[in-house]
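What you are looking at is a predicted structure, and each value in this text was computed from that prediction instead of being measured.
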Amino acid sequence: MGKCSGRCTLVGICCLQLAAALQRQIFDFLGYQWAPILANFMHIMAVILGIFGTLHYRSRYLIMYSVWLALWVAWNAFIICFYLEVGHLSQHRDLIMNFNTSLHRSWWMENGPGCLVTPVRGPPLSLADHHMVTVTGCLLDYPYIEALSSALQIFLALFGFVYACYVSKVFMDEEDSCEY
C-alpha cells in the first residue's frame with residue numbers, strides 16, 4: 001500500500017478548497033454579491049498558487065498561501081457574523097455584500113431547499129426585486145446555508161494552513177540540508 005505524504009495531502013486539501021470555492025463563486029454570481037465574488041476570486045488564485053508551490057517545491061508560495069488562509073478565515077468569520085446578524089451587523093440594513101449597488105441578496109434566499117416564493121403586489125412603479133416576494137416553507141433558511149458554507153471554508157482553510165506550514169518547513173529543511 002502507498003503512503004500519502006504531506007505534499008499529497010496538501011494537494012488534496014487544495015483541490016477540496018478549489019471545488020468548494022468554485023461552488024460558492026457560482027452561487028454568489030447568481031445572487032449578484034460582488035464583495036464575495038471578489039474574495040472568492042482571490043481565494044481561487046491563492047489556492048492555485050498553493051498547489052503550484054506544493055508541486056514545484058516552492059516554500060515561498062506556500063507561505064503566501066498560508067498568510068492568505070489566515071485572511072480567508074477572518075473573511076469567512078465575518079460572513080458568518082453578517083448572516084447570523086451578530087453584533088450591529090444587519091443583512092437587511094447593510095448592503096456591503098454588493099457594494100451598495102443594488103438590492104440583491106443571497107441566491108439561497110429564494111432558492112433554498114423547500115422554499116416557496118410568493119410575489120407580493122406592490123405599487124405599480126416599484127422595482128421588481130427580492131423585497132417584493134415572500135419566502136416560506138424553507139427547510140433551512142438562507143442565513144444558515146451561507147453560514148454553513150463559510151464554516152466549511154474555515155474548516156478546509158485550517159487544515160490547509162496546518163499542512164502548508166508543515167510542507168513549507170519540510171521544503172526549507174530539504175533546502176538547508178542540500179550541500180553543493
Side-chain angles (χ1 to χ4, degrees), residues 1-31 33-91 94 96-99 105-109 112-113 139-176:
M1 293 242 193
K3 178 179 125 178
C4 187
S5 66
R7 257 180 87 212
C8 173
T9 305
L10 182 57
V11 169
I13 291 171
C14 285
C15 289
L16 288 173
Q17 283 182 328
L18 203 53
L22 288 171
Q23 173 267 332
R24 187 173 184 183
Q25 183 80 321
I26 290 167
F27 290 114
D28 287 341
F29 262 117
L30 290 172
Q33 296 199 29
W34 302 115
I37 289 170
L38 290 174
N40 291 333
F41 177 75
M42 291 176 62
H43 180 62
I44 290 167
M45 292 295 109
V47 170
I48 290 170
L49 282 175
I51 292 171
F52 180 80
T54 303
L55 295 177
H56 293 279
Y57 299 94
R58 309 279 183 167
S59 61
R60 288 185 181 168
Y61 288 164
L62 290 177
I63 292 170
M64 184 277 313
Y65 169 69
S66 299
V67 170
W68 170 255
L69 287 180
L71 295 171
W72 187 242
V73 166
W75 168 254
N76 281 290
F78 167 75
I79 296 290
I80 290 171
C81 292
F82 178 77
Y83 278 107
L84 298 180
E85 297 184 347
V86 175
H88 294 290
L89 293 172
S90 172
Q91 58 184 314
D94 300 328
I96 55 178
M97 291 302 178
N98 55 22
F99 296 131
R105 302 282 189 226
S106 171
W107 182 82
W108 294 106
M109 182 178 182
L139 296 176
L140 189 62
D141 289 334
Y142 77 97
Y144 300 114
I145 294 173
E146 294 285 354
L148 285 172
S149 175
S150 290
L152 173 66
Q153 295 288 336
I154 290 173
F155 179 75
L156 291 172
L158 292 176
F159 275 107
F161 181 83
V162 169
Y163 272 96
C165 291
Y166 167 72
V167 171
S168 178
K169 182 180 178 338
V170 168
F171 289 170
M172 287 182 184
D173 290 345
E174 289 175 1
E175 287 176 5
D176 291 342

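The shortest non-hydrogen separation linking Trp68 to Ala46 is CD1-CB, 3.3 Å. Nearest heavy-atom pair across Ile145 and Gly112 is CD1-CA, 4.4 Å. Shortest non-hydrogen contact noted between Asn76 and Ser150 is OD1-OG, 3.3 Å. Among all heavy-atom pairs drawn from Leu69 and Gly160, the shortest one is CD1-C, 3.5 Å. Residues Ser106 and Gln33 come closest through the heavy atom pair CA-NE2, 2.7 Å.
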Are Tyr166 and Phe161 close enough, and set up right, to give a side chain to side chain contact (heavy atoms under 4.5 Å, CB included), and what steps lead you there? CA-CA 9 Å; Tyr166 167 72; Phe161 181 83; over 6 Å; no
The test is side chain to side chain contact (heavy atoms under 4.5 Å, CB included); show your working for Cys14 and Leu18 and say whether it passes. CA-CA 6 Å; Cys14 285; Leu18 203 53; over 6 Å; no
Verdict with supporting geometry, Tyr61 and Thr54, side chain to side chain contact (heavy atoms under 4.5 Å, CB included): CA-CA 8 Å; Tyr61 288 164; Thr54 303; over 6 Å; no
Residues Arg7, Leu55; criterion side chain to side chain contact (heavy atoms under 4.5 Å, CB included); working and verdict: CA-CA 8 Å; Arg7 257 180 87 212; Leu55 295 177; 4.1 Å; yes
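A centroid separation of less than 6.0 Å is found between the aromatic rings of Phe155 and Phe159.
Relative ring orientation between Tyr142 and Tyr83 is described as perpendicular, the plane-to-plane angle rising above 60° on a 0-90° scale split at 30° and 60°. Taking the six-membered ring for Trp and thresholds of 30 and 60 degrees, Phe27 and Trp108 have ring planes inclined between 30 and 60 degrees apart. Between Phe52 and His56, the ring-plane angle classifies as tilted under the 30° and 60° cut-offs.
No side-chain heavy atom of Leu152 sits under 4.5 Å from any side-chain heavy atom of Gln23. Residues Ile79 and Ser149 are not in side-chain contact: their nearest non-hydrogen atoms beyond the backbone lie 4.5 Å or more apart. Using a 4.5 Å cut-off on side-chain heavy atoms (C-beta onward), Leu158 and Ile154 make contact. Between Val167 and Tyr57, every side-chain heavy-atom pair lies at or beyond the 4.5 Å cut-off. Two residues are said to be in side-chain contact when any heavy atoms from C-beta on lie closer than 4.5 Å; Gln153 and His43 meet this criterion. Two residues are said to be in side-chain contact when any heavy atoms from C-beta on lie closer than 4.5 Å; Leu10 and Tyr65 meet this criterion. Between Cys165 and Ser168 there is no side-chain heavy-atom pair separated by less than 4.5 Å. Annotation: side chain of Trp75 is not in contact with side chain of Met42 (no heavy-atom distance under 4.5 Å).
Distance check, rounded to the nearest 0.5 Å: CG of Leu140 to CD of Glu146 gives 11.0 Å. A distance of 5.0 Å separates CZ of Phe29 from CD of Gln25, quoted to the nearest 0.5 Å.
Remark: Arg60 fails to qualify as a cation-pi partner of Phe171 under the 6.0 Å distance and 45° angle criteria applied to the six-membered ring.
Using modelled atom types, one side-chain atom of Ser66 and one backbone atom of Leu62 make a donor-acceptor pair closer than 3.5 Å. Between the side chain of Gln17 and the backbone N or O of Leu156, at least one donor-acceptor pair lies under 3.5 Å.
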